[in-house]
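Encoded as structure tokens, the structure appears first; notes follow it.
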Amino acid sequence: MDRRDWLAGEFERQRPHLRAVGYRMLGSVSEAEDAVQETWLRLDRRDPGGQDLRGWLTVVVGRICLDMLRTRRSRREHYAGSWLPEPIVVIDPAGDPEASAVTADSVGLALLIVLDLLSPAERCAFILHDVFGVPFEEVATVIGRSPAAVRQLASRARRRVRAEAPPADADLAVQRRIVDAFLSAARTGDLDGLLAVLDPQVVLRTDGGGRGPLARPPVHGAAAVVGQARIFAGLIGLAQPAIVNGGAGVIIRVPRQTPVVAAFTVAGGRISAIDLIGDPAKLAGLPEDPLSPSLSR
């Protein structure tokens, strides 16, 4: 085996790790894949020699993602509605070992949404150092600042994440029970039932790709969200249970329309956030409906 073949094999071993870095940096599966592919091209052009390959690749993919974040930030200044991450959706992880692995490595949408509020440099410092353990000295070479400045960036990001992305309830069965109670109450118009499962400060965010009925500002507060839940009550009968970024969610499939993925953040036994994603560009990897006629032929 020559050196290039060895590097190619080692790169494939590191691909899941690099994809995880890219997804946390970008909140997009497709963009993360692009970043990973560009990382391979750079490795193919420049052999890092005796350096730790995993560390070298992590730094390279971080630098690529940082450039992508900076470019994307300028494009989103006039985005209508909330920009939400591309969801990772699994229908039946118990019957699919690969899906189980994806679910276990998922990062919640609530965290990704807070990360998107950070500056690109803050996000890069937090993810590379706090999540993946890259030393500040190496992160500094990615961002182009001193190690002390990068330490401050990570500290600011850490404080904001702790304040705005409290940990979700870990028990998926508990999450599902609360989400099912919400859906049942919305379907029957049970106002008290809805208020019982919603956090008083709950937020409803919608992303339709910057256009359409989901291109609207976030809705804050339980009473306001209850009013919106009534609007969607007629669609709840079409909801298919799913796991969205490791948490309880549903897929709403309306015939001849783009599906909508609903992700729920459950913290402290109540729903603290509902995120509706209907941007076709972010749903390309959505699992097929197992009951679809096209799959039954």
Side-chain angles (χ1 to χ4, degrees), residues 27 79-87 89 91 108-114 116-117 163-255 257-279 282-283 286:
Y79 195 90
S82 301
W83 188 95
L84 296 174
E86 180 180 347
V89 183
I91 293 178
L109 281 186
L111 173 58
L112 288 172
I113 290 166
V114 173
D116 201 57
L117 299 176
E164 300 186 33
D169 293 351
D171 193 323
L172 188 58
V174 171
Q175 292 185 40
R176 176 57 61 192
R177 185 165 63 250
I178 293 169
V179 169
D180 286 348
F182 170 83
L183 296 175
S184 176
R187 185 183 299 111
T188 60
D190 179 1
L191 178 62
D192 291 336
L194 286 169
L195 292 174
V197 295
L198 291 175
D199 185 278
Q201 305 303 317
V202 63
V203 58
L204 169 66
R205 292 173 288 244
T206 58
D207 181 357
R211 55 189 177 276
L214 295 181
R216 59 178 69 184
V219 176
H220 296 271
V225 170
V226 164
Q228 299 298 312
R230 289 173 173 172
I231 294 175
F232 292 102
L235 302 177
I236 290 174
L238 303 173
Q240 175 189 19
I243 298 175
V244 183
N245 285 67
V250 298
I251 306 171
I252 301 172
R253 303 184 194 264
V254 179
Q257 294 185 28
T258 300
V260 173
V261 169
F264 297 83
T265 300
V266 178
R270 289 190 170 187
I271 296 170
S272 60
I274 304 172
D275 295 299
L276 302 179
I277 305 169
D279 180 358
K282 295 174 184 170
L283 301 178
L286 197 63

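Since the model is a prediction, treat every value here as computed from it, not as a measurement. Note that the numbering runs from 1 along the sequence shown for the chain.
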Considering all heavy atoms, the nearest [X]-[Y] contact:
X: A223; Y: L195; answer: N-CD2, 4.5 Å
X: A224; Y: V219; answer: CB-CG1, 3.4 Å
X: L286; Y: P259; answer: CD2-CB, 3.8 Å
X: T258; Y: G278; answer: CG2-O, 3.5 Å
X: V197; Y: A181; answer: CG1-CB, 4.0 Å
X: L172; Y: G246; answer: CD1-O, 3.9 Å

Do [X] and [Y] have side chains that approach each other closer than 4.5 Å (heavy atoms only, starting at C-beta)?
X: N245; Y: L112; answer: yes
X: L194; Y: D190; answer: no
X: I91; Y: I251; answer: yes
X: F182; Y: I274; answer: yes
X: L238; Y: R253; answer: no

Next on the checklist: Out of the candidates T206, V89, L109, only one should pair with I277 under the side chain to side chain contact (heavy atoms under 4.5 Å, CB included) rule; please name it.
Outcome noted: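 Among T206, V89, L109, the one that satisfies the side chain to side chain contact (heavy atoms under 4.5 Å, CB included) with I277 is L109.
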Hey, could you give me the [atom1]/[atom2] distance between [X] and [Y], rounded to the nearest 0.5 Å?
X: D279; Y: S82; atom1: CG; atom2: OG; value: 12.0 Å
X: I252; Y: Q240; atom1: CD1; atom2: CD; value: 11.0 Å
X: L198; Y: F264; atom1: CG; atom2: CZ; value: 9.5 Å

Just by distance, do the side chain of [X] and the backbone of [Y] share a donor-acceptor pair under 3.5 Å?
X: Q175; Y: A248; answer: yes
X: D199; Y: R270; answer: no
X: D171; Y: A173; answer: yes

- Item | Sequence-distant partners of R216, salt bridge (Lys or Arg N to Asp or Glu O under 4.0 Å), two or more places apart |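 Partners of R216 under the salt bridge (Lys or Arg N to Asp or Glu O under 4.0 Å) test: none.
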Output a table of donor-acceptor pairs, distance under 3.5 Å, between side-chain atoms of residues 207-214 and any protein atom two or more places apart or on a different chain; print 'none' if there are none.
| residue | atom | partner | partner atom | Å |
| --- | --- | --- | --- | --- |
| D207 | OD1 | Y79 | OH | 2.5 |
| D207 | OD1 | G209 | N | 2.8 |
| D207 | OD2 | L84 | N | 2.9 |
| D207 | OD2 | K282 | NZ | 2.5 |
| R211 | NH1 | G209 | O | 3.2 |

Original post:
Does atom CD of E164 have more than 12 heavy-atom neighbours from other groups under 6.0 Å away?
Top reply: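 Correct, the count exceeds 12.
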